[in-house]
Amino acid sequence: VAGSGKTILALSQAQRFARMGRKTLLVCYNSPLAGWLSEQLPEQYSKKITISTYHRLCREMCRVAKLPFPASSFNQDFWDADAPELLLQAAETVDDSRLFEAIVVDEGQDFRDLWWISLDRLYRRSLTKRPLYVFYDPQQNIYIDRLAIPAELGPAFPLPTNCRNTRKIASFCADLVHIEPKVHEEAPEGQNPVFVEVHDTKDIRGQARKFVQNWCLRDRGGLEPRQIAILTPRHNALKWPNRFGNIPLVHEDLDRWQANKGILVTTYRRFKGLEADAVVLAGVPCPESDLHYSYADHYVACSRAKHLLAVVYLAQ
């Protein structure tokens with residue numbers, strides 16, 4: 001489930017392989033998540049573990065193999081099908097030393113059939129055993145129609161306990177996808193999520209400002225900017241101001257956010273795999289009222305909040 005520690009376990013498993021002397025690939029879908037993983041990796045493992053998103057891996061392997069990589073951010077077919085085909089070609093070309101002895105995948109629910117085939121070619125050619133660990137949440141499947149987890153992995157080991165959210169937030173998130181809420185025994189009860197419905201996009205920003213000020217101002221909540229994220233359904237940073245009064249906002253810049261330079265404004269998809277103490281989910285439609293926003297999307301977005309969650313719905 002969301003918040004069960006999959007990403008921490010994935011990083012730990014990669015380090016375990018590295019301690020065994022194996023050159024290891026730790027790969028995920030989301031770029032900010034890969035950045036966070038890289039920051040958490042102890043220096044002693046940096047030569048044994050490669051951390052990358054899947055598509056960055058495709059680009060880098062093609063660079064090493066001297067293959068063209070005609071990427072276009074507007075061509076989804078390229079990223080879904082052409083990029084893995086190029087990775088397959090690159091894996092056949094590069095020196096064996098560039099390949100891996102173990103692979104760990106986080107966000108496995110986001111990987112397509114062909115992606116798994118291409119990853120399988122990234123093992124060193126002389127290996128008889130090819131260790132593969134995959135961490136995934138079937139309820140966070142928001143990019144593909146059906147799960148494509150390799151069948152040869154066998155039955156999954158379930159991680160049913162939410163160790164991230166308060167009991168109130170965990171219960172709300174579990175209800176969204178019809179699973180039983182299980183939380184760590186020391187999880188605080190917390191506050192109920194707060195819901196507001198607006199009818200105008202300007203009111204989205206106004207409501208977000210109220211929540212942020214209530215959480216941040218020292219005579220109220222006293223939270224630091226790095227503890228708060230404003231998550232939106234689409235990339236629309238230009239429509240957000242640079243400040244809410246004396247509270248700065250940073251757009252799409254996780255480094256500045258983590259350095260406490262401002263409250264982060266980003267999309268919930270870009271923030272997938274990450275977390276914040278307090279989250280404003282700003283301007284989302286009611287789940288299933290929009291073709292591009294399902295209950296799985298809502299589950300992903302809301303489960304980013306550890307302690308405080310405010311949802312500003314935009315009426316359709």
Side-chain angles (χ1 to χ4, degrees), residues 7 10 14 23-39 41 46 49-100 103-123 132 134 136 140-150 231-238 250-257 264-274 291-292 297 300:
T7 296
K23 185 181 178 184
T24 302
L25 171 65
L26 174 54
V27 61
C28 63
Y29 179 87
N30 204 20
S31 182
L33 178 59
W36 182 86
L37 285 165
S38 296
E39 291 172 0
L41 184 69
S46 60
I49 299 175
T50 297
I51 296 175
S52 179
T53 66
Y54 176 77
H55 289 119
R56 190 191 306 156
L57 179 69
C58 294
R59 185 192 297 272
E60 176 61 17
M61 291 296 286
C62 284
R63 184 193 66 78
V64 172
K66 295 182 171 54
L67 292 175
F69 193 78
S72 168
S73 59
F74 303 104
N75 185 354
Q76 192 60 43
D77 288 340
F78 173 84
W79 298 108
D80 291 347
D82 296 344
E85 289 283 3
L86 288 169
L87 180 57
L88 281 166
Q89 295 177 40
E92 296 293 332
T93 305
V94 300
D95 186 83
D96 202 54
S97 63
R98 293 278 187 173
L99 302 178
F100 300 95
I103 296 176
V104 180
V105 178
D106 195 19
E107 301 185 296
Q109 73 279 350
D110 299 330
F111 282 56
R112 299 173 181 271
D113 288 316
L114 189 56
W115 300 13
W116 295 111
I117 296 172
S118 63
L119 283 178
D120 189 60
R121 301 286 178 86
L122 295 180
Y123 289 101
L132 173 65
V134 179
Y136 71 100
Q140 295 188 56
N141 181 16
I142 60 176
Y143 291 116
I144 59 178
D145 294 332
R146 62 179 180 81
L147 286 176
I149 304 297
L231 306 183
T232 65
R234 297 177 182 86
H235 178 69
N236 56 359
L238 294 178
V250 297
H251 304 292
E252 304 288 341
D253 192 331
L254 270 81
D255 290 336
R256 294 188 64 216
W257 175 58
L264 180 68
V265 181
T266 189
T267 66
Y268 72 90
R269 290 195 170 195
R270 186 166 171 79
F271 202 67
K272 188 168 70 66
L274 303 174
L291 289 175
H292 304 291
D297 288 284
V300 167

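All of these numbers come straight from a predicted model, not from anything done at the bench.
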Evaluation steps, salt bridge (Lys or Arg N to Asp or Glu O under 4.0 Å), between Arg146 and Asp113: CA-CA 10 Å; Arg146 62 179 180 81; Asp113 288 316; 3.1 Å; yes
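- Between the Glu107 side chain and the Asn30 main chain, a donor and an acceptor come within less than 3.5 Å of each other.
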Could you give me the CA-CA distance, side-chain angles and deciding distance for Glu60 and Phe69, then say whether side-chain contact (heavy atoms from CB on, under 4.5 Å) is met? CA-CA 9 Å; Glu60 176 61 17; Phe69 193 78; over 6 Å; no
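- From Leu87, atom CG reaches atom CD of Glu92 across 10.0 Å, with rounding to the nearest 0.5 Å.
- Taking the six-membered ring for Trp and the full ring otherwise, the centers of Tyr143 and Trp79 sit at least 6.0 Å from each other.
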Derivation of the side-chain contact (heavy atoms from CB on, under 4.5 Å) call for Val105 and Tyr136: CA-CA 8 Å; Val105 178; Tyr136 71 100; over 6 Å; no
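- Residue Pro32 forms a side-chain contact (heavy atoms from CB on, under 4.5 Å) with just one option from Leu274, Thr266, Leu264, and that option is Leu274.
- Looking only at distances, no side-chain donor or acceptor of Trp257 sits under 3.5 Å from a matching main-chain atom of Glu252.
- Of all non-hydrogen atoms in Ala148 and Arg112, the two that sit nearest each other are CB-C, 4.1 Å.
- The two residues Ala34 and Thr53 have their closest heavy-atom pair at CB-CG2, 3.7 Å.
- Taking all atoms of both residues into account, the shortest heavy-atom contact from Ala81 to Leu114 is O-CD2, 3.6 Å.
- Within a 6.0 Å radius of CG in Asp96, more than 12 heavy atoms belonging to other residues, nucleotides or ligands are found.
- A 4.5 Å side-chain heavy-atom check between Met61 and Leu99 finds at least one atom pair inside the cut-off.
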